[in-house]
Amino acid sequence: MKKTSLYSLLVLLFAFLANSVVVAADNANQTDEERCQAYAKEDNVPAAELADFMKDCLESLKGDNEEKEKKE
């Protein structure tokens, strides 16, 4: 493998890992409601469906949080 190809691969890998860390840090500082609002915005949820989406999302995150607490 050429050195330039190896360097390009390493740069891409570093960028991917750095992005993952930033996303994890952003989620850690958000409330569950803020996270759900961000998910709704990313998924372009229509206003008519937003209330149901938020309810489902918050219930899902609550379940995830309870599972994490049980493991600890």
Side-chain angles (χ1 to χ4, degrees):
M1 187 183 284
K2 295 181 182 179
K3 284 187 179 182
T4 55
S5 296
L6 181 60
Y7 291 134
S8 297
L9 181 62
L10 289 174
V11 167
L12 287 173
L13 180 63
F14 176 76
F16 176 75
L17 291 174
N19 185 47
S20 297
V21 169
V22 169
V23 169
D26 284 346
N27 285 343
N29 293 329
Q30 292 179 327
T31 65
D32 287 347
E33 186 170 337
E34 290 171 336
R35 289 173 62 192
C36 288
Q37 289 173 346
Y39 297 150
K41 185 176 180 180
E42 288 173 10
D43 293 342
N44 295 320
V45 175
E49 299 174 13
L50 187 58
D52 289 334
F53 178 88
M54 291 295 290
K55 180 182 173 191
D56 293 342
C57 181
L58 290 169
E59 287 175 3
S60 175
L61 290 178
K62 182 179 178 183
D64 290 347
N65 290 340
E66 289 173 356
E67 285 181 27
K68 285 181 185 177
E69 289 174 3
K70 287 181 184 178
K71 289 181 180 180
E72 294 174 354

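Only heavy atoms go into these numbers, but all of them, side chains included; no hydrogens, no water, no symmetry mates.
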message: Could you measure the distance from the CD atom of Glu49 to the CG atom of Asn44? Nearest 0.5 Å is fine.
response: 11.5 Å
field: Pairs touching residues 30-71 that satisfy disulfide (SG to SG under 2.5 Å), sequence neighbours left out
entry: Cys36-Cys57
task: Sequence neighbours left out, what passes side chain to side chain contact (heavy atoms under 4.5 Å, CB included) with Asp32? Give chain and number order.
output: Arg35, Leu58, Leu61, Asn65
